[in-house]
Number of protein chains: 2
Amino acid sequence: MATTIRDVAHRAGVSIATVSRALRDATSVTPETRARVTQAAADLEYVPSQLGRQLAQGRHAANGIVFPDLSGPYYAEVVLGYESVAAQLDRSVLILSTHGRRDADTLVTGLAARCDGLVVLGPTVDDEVVHRLNRRGTPIVLVARTPLVDVDSVNAENNASGTLLGEHLVAAGARTILFVGDPEATADVAERFAAISAAAERDGASVTVEPVSDFSEEAGVHAARQALARRRTTKSLPDAFACANDELALGLMLGLRDAGLRVPEDAIVSGWDDVMAARYAGLTTVRQPMRDLGVHAAQLLDQLINRTRETPVHEVLPTELIVRQSTTPTAGGTTR
Amino acid sequence: MATTIRDVAHRAGVSIATVSRALRDATSVTPETRARVTQAAADLEYVPSQLGRQLAQGRHAANGIVFPDLSGPYYAEVVLGYESVAAQLDRSVLILSTHGRRDADTLVTGLAARCDGLVVLGPTVDDEVVHRLNRRGTPIVLVARTPLVDVDSVNAENNASGTLLGEHLVAAGARTILFVGDPEATADVAERFAAISAAAERDGASVTVEPVSDFSEEAGVHAARQALARRRTTKSLPDAFACANDELALGLMLGLRDAGLRVPEDAIVSGWDDVMAARYAGLTTVRQPMRDLGVHAAQLLDQLINRTRETPVHEVLPTELIVRQSTTPTAGGTTR
DNA sequence: TTGAAAGCGTTACCAC
DNA sequence: GTGGTAACGCTTTCAA
């Protein structure tokens with residue numbers, strides 16, 4: 001703490017320049033002097049000041065990552081993948097959760113000033129902020145977020161799996177499908193909705209929308225109640241619920257069951273994400289490579305920081321339809 | 001980026017000292033000069049270099065947090081609570097996942113050099129490292145980890161809930177209980193085991209241990225298989241499984257069901273943590289205030305950093321027994 | 001109120 | 001190979 005490079009230099013009887021070199025394995029130092037320096041450093045328990053080092057090198061050796069929340073399993077996984085790569089590249093990771101705060105823009109700008117580049121995850125800050133930072137030269141990678149032409153991005157595939165899911169729902173007997181989630185909320189949801197409904201309608205089903213924008217379990221429970229309430233007037237209930245994400249779907253199933261309805265006998269339900277709970281709830285869903293999203297983002301960001309690449313890249317990682325009991329009336333009781 | 005305090009000073013026609021003051025100190029600057037400086041800064045899109053600032057102030061304005069992993073929902077929640085407080089205190093958060101790496105010590109030491117203080121979460125680094133950092137003056141708070149006398153700590157209560165759980169298991173019909181998890185793995189598990197088994201034995205049940213040390217779903221599945229295999233020789237199966245955490249319990253339930261056994265009819269199962277999936281699996285468990293652990297840790301750490309407090313504090317936050325179907329043979333099918 | 005200048009702890013360039 | 005010494009960008013005395 002209190003011991004600086006000067007103390008070490010003094011004790012080893014050399015200059016601070018030599019200490020600096022000796023300690024960082026710069027080739028140009030005699031074995032003997034290096035030994036003396038190393039010894040002195042050890043004696044004094046010297047730990048180089050990262051602040052001094054960073055200022056001199058003009059780099060933070062740290063990456064930032066901005067996400068809405070860590071509550072769901074979704075973003076946590078992405079962050080984890082991101083961190084693992086960053087650590088390998090010997091860079092620290094600064095996190096910032098915007099969690100609905102309104103001053104997210106300021107916070108992100110602040111974060112940008114503390115790292116060499118950052119990843120922006122999901123619906124956190126306005127495109128405008130991203131553009132401003134990008135224009136200023138801050139390396140940025142967007143993840144799970146509507147791509148911008150001149151900014152790197154990594155997203156999960158929605159179209160193919162959405163189509164598969166739409167077909168699967170109809171094959172499972174769906175005639176009237178309610179899509180739970182607001183397609184206008186994010187581009188991801190918009191794509192999912194478009195793919196699911198196109199496929200389902202092509203196969204003869206009808207699709208309506210419940211534009212829920214809060215993607216939580218509670219919102220799912222609420223959506224179930226609303227559908228049930230409507231049944232009293234309409235005299236009919238959708239026979240399939242395609243939810244924008246798993247938490248919504250899980251809440252919805254809870255709501256249906258509380259009302260005495262059985263899934264999948266009375267209505268089938270699907271989610272999106274394949275969170276851990278989906279497996280135990282037997283929920284049909286689409287698995288996203290969450291960890292890989294983080295890994296790829298970290299790698300792209302590193303190229304940006306090191307100026308290894310100039311032209312923007314837009315990656316789309318594959319997803320996978322996972323069929324479970326919530327859409328398979330005939331299946332046995334085993335969870336997979 | 002390229003624009004420094006000097007550029008602003010030049011454009012505003014003042015000295016860098018004045019710029020520095022005008023941009024933060026409300027006092028000691030004429031309204032007019034401040035206006036000029038602010039204007040110049042805005043024109044140039046000046047953003048102060050945090051590196052320069054930090055070096056001059058001798059502080060990082062950042063906190064670190066070390067955790068084993070973010071996969072489970074457990075640590076993610078803690079991190080989130082921690083981040084929320086840190087952000088309020090205007091401090092960045094640096095994360096480090098040790099994830100089984102063997103060079104964790106080095107990484108943590110490196111992290112410590114990049115922040116003003118850190119939180120160490122769970123089984124990540126040796127006590128020796130913690131002691132060394134602490135001795136060097138680095139503010140440290142331990143979370144979900146065996147407390148050390150002279151280091152702050154925040155933990156969740158194990159004793160009271162463990163006792164309640166032990167009593168509950170016996171009341172639910174348990175005679176032969178298998179504790180799944182290695183009590184020697186962490187102090188938390190040791191305490192849980194001690195409390196559960198003491199209460200259960202007091203009420204007339206017998207308790208044995210399956211010392212699993214990997215607390216994952218897979219390990220749970222494996223534990224179930226082992227118990228079933230033993231049944232062939234022993235001709236008997238425990239009638240209750242008390243698991244060290246939820247993931248173990250969830251995997252175990254999966255394993256039992258795959259073998260055609262019913263929970264809770266053929267065997268009752270309990271976990272610990274109350275992760276999201278526990279609710280959907282109907283798992284009886286103990287809820288921990290995960291987010292609060294992070295919140296309290298951040299607050300304690302702040303006191304340490306600001307030298308508001310000298311003597312170490314050891315907090316223990318309350319937990320709650322959550323009873324669900326996995327231990328209630330009579331209950332209906334509703335998940336709560 | 002404002003400016004000059006001395007740090008803060010490194011790294012890196014340039015002589016020797 | 002090693003030492004002296006400018007940066008790096010800011011904050012903070014100390015004078016004026």
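Order of the sequence lines sets the chain letters (A, B, ...), proteins ahead of strands, with each chain counted from 1.
In this structure, A:Gln50 places its CD atom 15 Å from C1' of C:dC8, rounding to the nearest Å. Whole-Å rounding puts the A:His60 NE2 to D:dC8 C1' distance at 12 Å. Rounding to whole angstrom units, CZ of residue B:Arg59 and C1' of D:dC10 are separated by 13 Å. Rounded to whole Å, the distance from CG on A:Leu23 to C1' on D:dT2 is 15 Å.
Remark: the A:Thr18 side chain and the A:Ser15 side chain contain an N/O donor-acceptor pair separated by less than 3.5 Å.
Position along DNA chain C of the nearest nucleotide to A:Arg6 versus B:Thr33 favours B:Thr33 as the more 5'-ward residue.
Here the side chain of B:Ser15 is nearest to one of C:dG3, D:dG9, D:dG4, namely C:dG3. Residue A:Ser28 places its side chain closer to D:dT2 than to any other of D:dT2, C:dG3, C:dT1.
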For this session: Starting from the C-alpha separation in whole Å, work towards a yes-or-no answer on side-chain contact (heavy atoms from CB on, under 4.5 Å) for B:Thr98 and B:Leu107.
Result: CA-CA 8 Å; B:Thr98 56; B:Leu107 293 172; 5.8 Å; no
For this session: Test A:Thr4 against A:Asp7 for side-chain contact (heavy atoms from CB on, under 4.5 Å), laying out the working first.
Result: CA-CA 5 Å; A:Thr4 81; A:Asp7 301 323; 3.9 Å; yes
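Using a 4.0 Å heavy-atom criterion, one finds that B:Leu55 contacts the bases of the nucleic acid, with or without backbone contacts as well.
Taking five base pairs at each end of the helix from C:dT1-D:dA16 to C:dC16-D:dG1 and finding the rotation axis that steps the C1' atoms of four pairs onto the next four gives two axes whose angle is 40°, to the nearest 10°.
Heavy-atom distances under 4.0 Å link DNA chain D to no residue of residues 36-44 of chain A.
In this structure the side chain of A:Val143 never reaches within 4.5 angstrom of the side chain of A:Tyr82, judged on heavy atoms. Contact check for A:Asn134 versus A:Leu148: no side-chain heavy atoms found under the 4.5 Å cut-off. Side-chain contact between B:Val119 and B:Phe67 is absent, with no heavy atoms from C-beta onward closer than 4.5 Å.
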Could you list the donor-acceptor pairs under 3.5 angstrom formed between side-chain atoms of residues 296-306 of chain B and any protein atom two or more places apart in sequence or on another chain?
from     : atom 1 : to       : atom 2 : distance (Å)
B:His296 : ND1    : B:Glu315 : OE1    : 2.5
B:Asp302 : OD2    : B:Asn306 : ND2    : 3.1
B:Gln303 : OE1    : B:Arg309 : NE     : 2.7
B:Gln303 : OE1    : B:Arg309 : NH2    : 3.2
B:Asn306 : ND2    : B:Asp302 : O      : 3.2

Seminar exercise, completed: Once base and sugar-phosphate atoms are separated, protein heavy atoms under 4.0 Å mark nucleotides 11-16 of chain C, 5' to 3', with B, S and - as BBB---
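For the pair A:Thr30 and D:dG1, the criterion of a side-chain N or O lying under 4.0 Å from OP1 or OP2 is not met. Between D:dG3 and A:Thr18, a contact under 4.0 Å exists linking OP1 or OP2 to a side-chain N or O.
Not a single donor-acceptor pair under 3.5 Å links the side chain of B:Arg36 to the backbone N or O of B:Glu32.
Applying salt bridge (charged side-chain N to carboxylate O under 4.0 Å, His left out) to A:Arg145 and the options A:Asp126, A:Asp127, A:Asp188 leaves one that passes, A:Asp127.
For the side-chain contact (heavy atoms from CB on, under 4.5 Å) test, residues two or more places apart in sequence or in another chain that qualify with B:Pro289 are B:Ala156, B:Asp292, B:Leu317, B:Thr319. The salt bridge (Lys or Arg N to Asp or Glu O under 4.0 Å) search around B:Asp116 returns B:Arg91, not counting sequence neighbours.
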